There are 2 protein chains.
Amino acid sequence: MIKSAGSKPGEIPAPTMADVARKAGVSAMTVSRALRQNSYVSEEARERIMAAVNDLGYVLDQAAGSLSSRKTGFVAAIIPSINNSNFSDTARGITDALENTGLQLLLGYTDYSVEREEKLIESMLRRRPEGIILTGGAHTARARRMLEKAAIPVVETWDIPTNPVDQVVGFSNGEAMALLVRTLAAKGYTRFGYIGGTTSRDTRGSQRRAGFVRALEELGLPTGRVISFGVPPISMEQGAQAIVSLLDRWPDTQVVLCVSDLSAFGALMECRRRGLRVPEDIAIAGFGDYEISACSHPRMTTINVGCYDIGQLAATKLIEAIQGEGGTAEEITLTGYRVIEREST
Amino acid sequence: MIKSAGSKPGEIPAPTMADVARKAGVSAMTVSRALRQNSYVSEEARERIMAAVNDLGYVLDQAAGSLSSRKTGFVAAIIPSINNSNFSDTARGITDALENTGLQLLLGYTDYSVEREEKLIESMLRRRPEGIILTGGAHTARARRMLEKAAIPVVETWDIPTNPVDQVVGFSNGEAMALLVRTLAAKGYTRFGYIGGTTSRDTRGSQRRAGFVRALEELGLPTGRVISFGVPPISMEQGAQAIVSLLDRWPDTQVVLCVSDLSAFGALMECRRRGLRVPEDIAIAGFGDYEISACSHPRMTTINVGCYDIGQLAATKLIEAIQGEGGTAEEITLTGYRVIEREST
DNA sequence: CTGTTAGCGCCTTCAG
DNA sequence: CTGAAGGCGCTAACAG
């Protein structure tokens, strides 16, 4: 504990604006003005105020300020996992877009659970954020109701919900995966396998799987070689185990697509460990273009979905809606993705 | 924009406690009591209140509450990078420890810059967090002063500062790296190389390097094979480039230690790509025990430092200090680390 | 350019 | 178990 702290008796209460005002010989209102960028304060007064602020070690109390100004300066963002670099890239994009707007990020993660998302939304709304960014379009009914009641701009990302709450910045996970299938089919592969999680929780994961199946159907190729493996997120280790089962069951599989680069990497390394040549004996592709896929040996084919840009764009749209007149139409912004062919296919 | 929103004229203002109270036929005070767990409210009143809350879609405004209760329910945490799974594991540990305490995390990242840390600390202190968790012991003078003035519990993590602000939950990065050197020296390696970043910004990185050199000196082994490579964080790709330079310059190097598993992985893959056998031709070890090191081929030797536990323990200590009488002594809690020997050495 | 007045929405405190 | 009064620290709105 520093000096005297906590709620000890004899504690020195933090200085308030009134303390600064007294010390600088002005009113609290002038201090308030001096501490913001806009409003006019004489150079002389400003200097005295800043000196007093420094002397006292005064730090503005935004909770009090936002109560009276009715603006909290918070923006909430909810991602599935903070440990997944795809989503933390999105979080970085959000933070960077928020820089210099005076808005502060309230970040939470759901562990891929809509129930946890609901709780998070509730606890975040208690902080009265001026806008909120969500991942995906699957929410509980109560979460949806709370969002609508909150009457703040909402941006759903990483997906294209069929029934958006408000704005959307995302892409079709199914279409992206389908594109990958078509690209690989064009190279001559016909016997495709798939590794992903159980479909119940991770909506993006199940959309990718659906896109995989749909693309194969359209190409008239067999669709059955699918391994579903545990609840998301599917780890590298699970990818390794899954490819063993998959090749065990369907030994003539030529190429395996995975729900993400992480499981793909696990699968890739396991194949190398077992002496399989990639892509000669078995080709492998991931999803998400994580750092790892550009660096592995062999380098991995994957699909880049612009995680950082999603975050930056979502935040930009949100800021516009917050600062705008509130009349922005509901809007769906599609973000791009592209297949990155590397050595593993 | 949902329904009517933003600051449009004709907007429906969010319901307040008074609205709920009116609807439930009680006073605002009773609503306030009903919405918390403690305090006594009759079952009958509580039911009516909850019904009104539901009808109105009322969500408590914590900013107002904390102004009067003088407790914000915020805890701040600052990590170097949100994209590094070691630190996001720590963040998860913090979040998990905070669960069910009613405390909410305010998370920020510095990109390894003490200047950015200073700005973050300032903007977070404006939210009046009840405690703060930092990474490392290097702060600007002004940051230190602000922390001291704030008179809230502080926990520095991931390091053992020579002059702690308050509490510490960490380990010696230098000692951990030295242990790795000794472990490998015991296996017979004598010609060690090292890959890390420039030392100016990442204090943990430079401590690891110092530990590397110190351990070799104590063993009477040569210490010169060090490649410094860019500002942190050192990427996988930089690890790949660095090992090429290193082996180019010192071809007889037997084992290379890296500042983290990420650069070590890049180095490992690059060696495999060039047809080098690992560990026969060149052994490689990382630091941090990222998921990747357990899954790569060959699996990588590294050192596990309990990232998640650091976060959980730091938050637990912080909560104790917050809830305690404020008299907790300054305390240094050492966390454990252990070498994990795998196939790459 | 500066000050005054009032009140943001809730909780503390004290009375019933 | 419930209510009334008052104020947390700041800023909007208006007056000078």
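Computed from a prediction, not measured in an experiment: that's the story for all the values here.
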Rounded off to whole Å, could you give me the NZ-to-C1' distance for the B/K71 and C/dT12 pair? 13 Å
To the nearest Å, how far apart are A/L35 CG and C/dT2 P? 14 Å
Bend angle of the helix from C/dC1-D/dG16 to C/dG16-D/dC1, end axes from five pairs each (to 10°): 20°
Rounded to the nearest 0.5 Å, what's the gap from CD on A/E130 to CD1 on A/I319? Could you check? 10.5 Å
Identify all side-chain donor-acceptor contacts of residues 45-56 of chain A below 3.5 Å with residues at least two apart in sequence or on another chain.
{"unit_1": "A/R48", "atom_1": "NH1", "unit_2": "A/A24", "atom_2": "O", "d": "2.7"}

Integer-rounded Å distance: C/dG9 P and B/R22 CZ: 12 Å
Reference residue B/L134; test side chain to side chain contact (heavy atoms under 4.5 Å, CB included); the match among B/V155, B/T157, B/I121: B/I121
B/S/- along nucleotides 9-16 of chain D (protein heavy atoms under 4.0 Å) is BBBBBB--
Applying side-chain hydrogen bond (donor to acceptor under 3.5 Å, both in side chains), can you list everything that pairs with B/R36, at least two apart in sequence or on another chain? B/S32
Under a 4.0 Å N-O cut-off, is there an ion pair linking B/E115 with B/K119? no
Tightest non-hydrogen contact, residues B/V31 and B/M17, listed as CG1-CG, 3.6 Å
Any side-chain N or O of B/T30 below 4.0 angstrom from OP1/OP2 of D/dG3? yes
The ring-ring contact (aromatic ring centres under 6.0 Å, His included) partners of A/F74 (sequence neighbours excluded) come to B/F74
Less than 3.5 Å apart, which donor and acceptor atoms pair up between the side chains of residues 89-107 of chain A and the rest of the protein, not counting sequence neighbours?
{"unit_1": "A/D89", "atom_1": "OD1", "unit_2": "B/N83", "atom_2": "ND2", "d": "2.5"}
{"unit_1": "A/T90", "atom_1": "OG1", "unit_2": "A/N86", "atom_2": "O", "d": "3.4"}
{"unit_1": "A/T90", "atom_1": "OG1", "unit_2": "A/W158", "atom_2": "NE1", "d": "2.9"}
{"unit_1": "A/T90", "atom_1": "OG1", "unit_2": "A/C307", "atom_2": "O", "d": "3.0"}
{"unit_1": "A/R92", "atom_1": "NE", "unit_2": "B/N83", "atom_2": "OD1", "d": "3.4"}
{"unit_1": "A/T95", "atom_1": "OG1", "unit_2": "A/A91", "atom_2": "O", "d": "2.7"}
{"unit_1": "A/T95", "atom_1": "OG1", "unit_2": "B/Y109", "atom_2": "OH", "d": "3.3"}
{"unit_1": "A/D96", "atom_1": "OD2", "unit_2": "A/Y308", "atom_2": "OH", "d": "2.5"}
{"unit_1": "A/E99", "atom_1": "OE1", "unit_2": "B/R116", "atom_2": "NH1", "d": "3.3"}
{"unit_1": "A/T101", "atom_1": "OG1", "unit_2": "A/L98", "atom_2": "O", "d": "2.4"}
{"unit_1": "A/T101", "atom_1": "OG1", "unit_2": "A/L103", "atom_2": "N", "d": "3.1"}
{"unit_1": "A/Q104", "atom_1": "OE1", "unit_2": "B/R127", "atom_2": "NE", "d": "2.9"}
{"unit_1": "A/Q104", "atom_1": "NE2", "unit_2": "B/S123", "atom_2": "OG", "d": "3.1"}

